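Structure record follows, encoded as C-alpha cells.
In the text below, chain A, chain B and the rest are named by the order of the sequence lines, each starting its count at 1. Not measured: the values here are computed from a predicted model.
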Protein chains: 2
Amino acid sequence: MKAGGAATPQMMRRVNAHAALAFLRTTGVATGTDLMAATGLTRASVIAVCEDLLRRGWISELDSGRETGSLKGRPARRFELNPRAGFVVGIDIGAATTTAVVADLRGTIVGKASRSFRSAEIPARERIEVVNQACGEALAEAGTGPAAVLAVTAGLAAPVDRDGNVLLTKQFWRKFDVGLRTALAERHGWRVLLENDANLAALGERWRGSGVGVNDLVVILASERMGAGIIESGRLLHGHSGAAGEMGYLDMIEGVGSADGIAYLAREWFARPGEPPTVEAREVFAAAAAGDPAAVLVMDRLAERVARVIASVAIMANPEQVVLGGAVADSAGVLLPGIMERLPRFTATVPRVTASPLGDSIVTVGAVRHALDYVEAHALDLELPAGT
Amino acid sequence: MKAGGAATPQMMRRVNAHAALAFLRTTGVATGTDLMAATGLTRASVIAVCEDLLRRGWISELDSGRETGSLKGRPARRFELNPRAGFVVGIDIGAATTTAVVADLRGTIVGKASRSFRSAEIPARERIEVVNQACGEALAEAGTGPAAVLAVTAGLAAPVDRDGNVLLTKQFWRKFDVGLRTALAERHGWRVLLENDANLAALGERWRGSGVGVNDLVVILASERMGAGIIESGRLLHGHSGAAGEMGYLDMIEGVGSADGIAYLAREWFARPGEPPTVEAREVFAAAAAGDPAAVLVMDRLAERVARVIASVAIMANPEQVVLGGAVADSAGVLLPGIMERLPRFTATVPRVTASPLGDSIVTVGAVRHALDYVEAHALDLELPAGT
DNA sequence: TGAGTATATTTAGATTCTATCTAAATTGCT
DNA sequence: AGCAATTTAGATAGAATCTAAATATACTCA
C-alpha cells in the first residue's frame with residue numbers, strides 16, 4: 001500500500017508561492033501586509049516568497065508611490081504580478097470550428113483566432129494543423145510567440161480522464177488527442193493539457209461567469225450535444241474514465257428517442273409535419289419570444305426536458321447553482337420560468353438556475369483558467385522565457 | 001480573498017505521521033525500511049516520525065525477534081500500531097433501531113450493541129438516551145470506558161453537509177443532531193462527527209466490502225428508503241447542503257408515484273389486488289428465487305427500477321463500480337442479471353455492479369472508518385488516554 | 001573469527017517557518 | 001524644524017523539519 005505522503009520543505013514554499021500568486025492575480029497590486037492577511041504567513045515569510053518570485057520574474061515591484069492603504073507609516077513595498085511574464089493558450093475544439101485564445105498571467109485575453117474545419121470528416125493530422133494555425137494567429141495578435149507559452153489547455157467534446165487521457169470514445173478522438181499533444185509539444189515545446197469542454201465551461205463560469213465563487217456548481221452545456229461540468233467542493237468531477245456528466249444517453253432514461261442536443265430538438269419539434277427540419281434553433285427561440293404558439297409549445301417541451309436534466313444532476317451532485325450554457329443560454333429568458341416551475345416536482349433540492357453570460361467563449365475562458373491553474377501551481381518549477 | 005494556504009513545518013510532520021499510521025494500520029507490523037518505501041521519506045525522517053508516535057503512545061516497538069524479511073544484516077526495529085491505545089465508536093441510527101460498535105485503532109470491532117426505540121415518534125431527548133445506552137453497552141463489551149474514545153461517528157438517514165450539520169430536513173433531525181452532539185460531548189467529552197448513512201456505507205464498502213481500493217465508487221443503500229453514497233477520486237461527495245445522492249425524489253423523474261424504497265415496493269407490488277401489502281420483502285425475494293411467477297415479475301420491475309437509478313448515477317458520477325447495499329443486497333442474485341441486461345440501454349458507461357457483503361453492518365463499518373480517518377489525521381493533536 | 005549485510009544512529013547542512021528586535025520612512029502635530 | 005506616532009522593512013536568532021553522508025551496530029554465514 002502506497003501512502004502517497006512525503007511532505008518536504010520545498011512543498012511548503014510551492015504551496016505558499018501558489019497562494020501568493022493567486023492572490024496577486026485577483027487583486028492586481030498587493031503589499032506585504034496584504035499578503036500576510038491573505039496567506040496567514042508572517043511578514044518575513046511573505047517577503048521571502050516575494051523575493052523568490054521576483055528573482056524568477058513572476059512578479060515585479062512598483063515604485064513606492066503610496067496609492068493605496070493608510071497614509072501613515074513607512075510606505076509599503078508593492079508587488080504586482082508581471083502580467084506578460086508568460087502566456088497561456090486556451091483552445092475550444094468543436095466539430096466544425098476551433099477557437100484559440102491567448103491570455104496573460106492575469107487572465108486578460110490578449111489574442112484570439114477562430115478557424116473552420118474544411119469538413120467534419122477531415123483526418124486528425126489536418127485538424128491538428130488547423131488548430132495549430134489558430135494558435136499561431138492568436139499569438140501574433142497577442143504580440144508574442146510560442147516561446148512565451150507556459151501551458152495550453154484544449155477542450156474537447158469527449159470524455160477526458162483526470163490525467164488528460166481521452167478514453168471511451170470514437171477512435172477518431174483518441175488519435176487526435178495524442179496527435180495534438182505530441183504535435184504541439186514537439187513543435188513548440190508546449191505543455192498541453194486536455195479537458196472535457198463541459199468541464200472547462202464549469203471552470204469558466206466559476207471564474208468569470210454567473211457562478212463566481214460558487215464551490216458547488218454545475219454547468220450544463222447544451223447545444224448540438226449535452227454535457228454537464230460538475231464542480232463539487234471546488235473540484236472538477238471526472239469519474240473513473242472522465243465521463244462524469246456526459247449525457248449523450250440521458251434521453252434513454254427519459255424515454256426520448258434521440259441522443260441529440262437541445263438545438264437539434266428545437267429544430268426537429270418546430271418543423272412542420274412532413275417537411276424536413278431546416279429552421280435554425282435561434283429562429284425557434286425568436287418565434288417563441290414573439291409569441292408564436294407552435295414555438296411556445298416547443299419551448300415548453302424543452303423546458304420540461306432541461307428541468308429533468310437539472311433535477312437529475314441536482315439529486316446526484318446537489319449543487320448550489322446550475323448555469324445553462326451553449327445554445328440554451330440564448331433562450332434562457334423564455335425557458336427559465338418553465339424550468340423553475342417544474343423543478344420542485346422533480347427534486348427536493350432545487351438549485352439556483354441562471355444563464356451563462358459568456359456566450360461562445362464559455363469554453364475558451366474555462367480553458368484559460370485551467371491552464372492558469374496549472375501554471376500557478378507549478379510557478380517555481382517552470383522556467384520563464386527570458387527577456388520580459 | 002482568503003487563500004487558505006499557509007503551510008508550516010508542523011503540517012509536514014502531521015502529514016507524514018498520518019501516512020505512517022495509515023500504513024501501520026493496514027500492514028500490522030512494519031520496519032523502518034518498510035515505512036521508507038511507503039512514504040518516500042529517508043530513514044532519519046521515518047525514525048523521527050516513529051519516535052514521535054512512540055512517545056505519544058500511538059505505536060509500540062516489538063522485541064527485535066527477526067520474523068520477517070531477510071535474515072542478513074542488523075535486525076530492523078519493528079513498529080506496530082498500538083491497537084488499544086484508544087477506540088472509536090461507530091453508530092448507525094435508524095428509524096426503529098440503533099447500533100453502536102466500538103473498534104480499536106486497527107479497526108477491529110471489539111464491542112457491539114443494538115437497541116430498539118420504543119416507537120418511531122419518541123422525542124429527541126429519549127432517542128439520544130437510547131443511543132447513549134447502546135454506546136455504553138458496546139464499550140462495556142469492549143472492556144473499556146468513555147475516556148478511551150477518541151472519536152465518534154454517527155450515521156443518519158438525512159442529508160449532512162461537509163461540516164457535519166444536518167440541513168434541509170425535518171425539524172426533528174435537526175434537533176436530534178445538535179442534541180446528540182452536545183449530549184455526548186458534554187457527558188463524555190467525545191468528539192462527535194455526523195454523516196449521512198449512505199455515505200458511510202460507501203466508506204465501509206471501500207474499506208472492507210466489495211469495493212476495496214476502488215476510488216470511484218458508488219454505494220446504493222436501498223431498503224425502506226433509497227440513497228447513494230458517492231466516492232469520486234477517493235473523496236465523498238456532499239454537495240452544497242449534503243444532499244448529494246439523496247434519492248427520495250428520484251421516483252418523480254421516473255414517473256413512479258411513491259417516494260418509498262425498494263423493500264416497500266416489493267411488498268406493494270407483490271400484494272394481491274385489494275389486499276393490504278402485508279408480506280415481507282424477504283418473502284418476495286425468496287418466492288422469486290423459488291420461481292413463483294408473480295414474485296419473478298416483481299423482481300423484474302425492481303431490476304428495471306434499480307437499473308435506472310444506477311444508470312442515472314453512472315451518467316453523473318461515472319463510477320468504476322456500484323455496490324448494492326441494504327435490503328436489495330439480499331436479492332442481488334436474482335436482481336443482478338436483470339440489471340446488467342438493462343444497463344447498456346441506459347448508459348454508455350456501464351459500471352461493475354456487485355452486492356454488498358457487509359449486510360446490516362454496512363453503516364457501522366463505514367462509521368468506524370470515518371472516525372478512524374479523523375483520528376489518524378489528527379493523531380499528533382489528540383491526547384491519548386493515559387495508561388495503555 | 002572475519003566478511004558481508006542490512007539497519008540504526010549520528011552529524012552536518014539546507015530549507016522554511018516563527019518571533020522579536022531595530023531601523024527606516026512617512027504623516028501629522030506642535 | 002522637531003518630535004511623536006505609525007507602519008513597514010530588514011536583520012537576527014531559534015525551532016521544526018527535511019536530506020545526505022558518514023559511522024556504528026548487530027546479526028548471518030562461511
- Query: OP1, OP2 of C/dT16 versus side-chain N and O of A/Asn16: anything below 4.0 Å?
  - Reply: no
- Enumerate the residue pairs fulfilling salt bridge (Lys or Arg N to Asp or Glu O under 4.0 Å) with a member in residues 230-240 of chain B, sequence neighbours excluded, ordered by first and then second residue. A/Arg162-B/Glu232, A/Glu232-B/Arg235, A/Arg235-B/Glu232
- Query: For A/Arg106, which residues count as a side-chain hydrogen bond (donor to acceptor under 3.5 Å, both in side chains) partner, sequence neighbours excluded?
  - Reply: none
Of the listed nucleotides ([options]), which one gets closest to any side-chain atom of [X]?
X: B/Thr33; options: D/dT8, C/dT7, C/dT15; answer: C/dT7
X: A/Arg13; options: C/dT16, D/dA26, D/dT17; answer: C/dT16
X: B/Arg74; options: D/dC18, D/dA16, C/dA8; answer: C/dA8
X: A/Pro75; options: C/dA25, D/dC18, C/dA8; answer: C/dA25
X: B/Val49; options: D/dC18, C/dC17, C/dT9; answer: D/dC18

Calculate the interatomic distance between [X] atom [atom1] and [N] atom [atom2]; express it in whole Å.
X: A/Gln10; N: D/dT17; atom1: CD; atom2: C1'; value: 11 Å
X: B/Arg77; N: D/dA26; atom1: CZ; atom2: P; value: 12 Å
X: A/Met12; N: C/dA14; atom1: CE; atom2: C1'; value: 11 Å
X: A/Glu51; N: C/dT16; atom1: CD; atom2: P; value: 14 Å
X: B/Arg14; N: C/dT16; atom1: CZ; atom2: C1'; value: 16 Å
X: B/Leu35; N: C/dT7; atom1: CG; atom2: P; value: 12 Å

- Query: Between A/Thr27 (side chain) and A/Ala30 (backbone), is there a donor-acceptor pair under 3.5 Å?
  - Reply: no
Among residues at least two apart in sequence or on other chains, which ones pass side-chain contact (heavy atoms from CB on, under 4.5 Å) with [X]?
X: B/Arg369; value: B/Arg25, B/Leu203, B/Trp207, B/Leu372, B/Asp373, B/Glu376
X: A/Leu193; value: A/Thr153, A/Arg191, A/His370, A/Tyr374
X: A/Ala48; value: A/Arg13

- Message: Salt bridge or not between A/Arg77 and A/Glu51? Use side-chain N to carboxylate O under 4.0 Å.
- Response: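 A salt bridge is present here (some side-chain N lies under 4.0 Å from a carboxylate O).
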Got a list of protein N/O to nucleotides 19-21 of chain D N/O distances below 3.5 Å?
{"unit_1": "D/dT19", "atom_1": "OP2", "unit_2": "B/Thr42", "atom_2": "N", "d": "3.2"}
{"unit_1": "D/dT19", "atom_1": "OP2", "unit_2": "B/Thr42", "atom_2": "OG1", "d": "2.8"}
{"unit_1": "D/dT19", "atom_1": "OP2", "unit_2": "B/Ser45", "atom_2": "OG", "d": "2.6"}

